[in-house]
Amino acid sequence: MSKIYFIRHAKAVDENKDGAKDALRELSPKGKEDAKFMASRLKMYDVMPGAIFSSSAKRCEQTAKIIAKTLKFKEKSIEIKDELYDISFEDLLEFVRNLDKNLDEIFIITHNPSVTEICEYLSDSLIDNIPTSGIFCIEFECKFKELKEGSAKALFFDHPKKHQR
C-alpha cells in the first residue's frame, strides 16, 4: 500500500511589506504555530515520508521545513518543485502519476484549489476545502501512474481548526 499526504501550506502573511510577488509571501506567526502543531500530530502517529515535495513558494518551503524538522526528516532532502506553484489540478495529477514507483509514503506540500481537487478526485470524497495547514492522506494499492478517479481510499483529513485550542 502506498500513501500520499497532501498538505496545504500554513497560513501566510497577506502581502509582502515591499509588495513583492505572491511566491515570496512568508508564513505568519499563526501559520508557523499551526505548521508545528500539525507536524507534531504526524509525529505522534510515527509518520515518516520517503520523500517531501514542496512548491517553490516561500510559504510552502517554510511549511515543509517545519514538518521535516519535527519529524527529523533531512531538510536537505526536501525537493523544491517550481511546477507545484500555481499548479492546475490536471498538472498536479500528472505530477503524482510520474512519481518514482519505489516511493511508498510521500508528502506533497502545495496550494488550493488544486490540492483540494486532487484529494476529492482520487478518494471520491467531498471535503469542499483543505484549510491552511490541512493534511489529507490517501492510501492506494495501484502504481502511481495508474491513479484515477476514486482509486484511493481516504485515511484521514486533519487540520488545526479541528483542534481549536
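Note: hydrogens, waters and symmetry copies are ignored here, and every other heavy atom, side chains too, is used. Source: prediction; values computed, not measured.
- Among residue pairs with one or both ends in residues 39-56, those qualifying as side chain to side chain donor-acceptor pair (under 3.5 Å) are Arg41-Asp158, Arg41-His163, Ser55-His111, Ser56-Asp82; sequence neighbours excluded.
- Residue pairs meeting the ring-ring contact (aromatic ring centres under 6.0 Å, His included) criterion with at least one member in residues 50-77, sequence neighbours excluded: Phe53-Phe95.
- Considering only residues two or more places apart in sequence or on other chains, Phe144 meets the ring-ring contact (aromatic ring centres under 6.0 Å, His included) condition with Phe140.
- Residues meeting the side chain to side chain donor-acceptor pair (under 3.5 Å) test with Asp91, sequence neighbours left out: Ser88.
- Under the 4.5 Å side-chain heavy-atom criterion for grouping Ile, Leu, Val, Met, Phe, Trp and Tyr, Leu122 is not connected to Ile109 through any hydrophobic cluster.
- Residue Ile66 shares its hydrophobic cluster (ILVMFWY side chains chained together at separations under 4.5 Å) with Leu27.
- Applying the salt bridge (charged side-chain N to carboxylate O under 4.0 Å, His left out) test to Glu79 and every residue at least two apart in sequence or in another chain returns Lys81.
- Identified under the side chain to side chain donor-acceptor pair (under 3.5 Å) test for residues 114-126, with sequence neighbours left out: Asn112-Thr116, Ser123-Ser125.
- Not counting sequence neighbours, the partners of Arg59 by the salt bridge (charged side-chain N to carboxylate O under 4.0 Å, His left out) test are Asp22.
- Screening residues 137-153 for side chain to side chain donor-acceptor pair (under 3.5 Å), with sequence neighbours left out, gives no hits.
- Qualifying salt bridge (charged side-chain N to carboxylate O under 4.0 Å, His left out) partners for Lys32, counting only residues two or more places apart in sequence or in other chains: none.
- Counting only residues at least two apart or on different chains, no side chain to side chain donor-acceptor pair (under 3.5 Å) pair has a member in residues 60-70.
- In this view, Phe6 satisfies the ring-ring contact (aromatic ring centres under 6.0 Å, His included) rule with no residue, not counting sequence neighbours.
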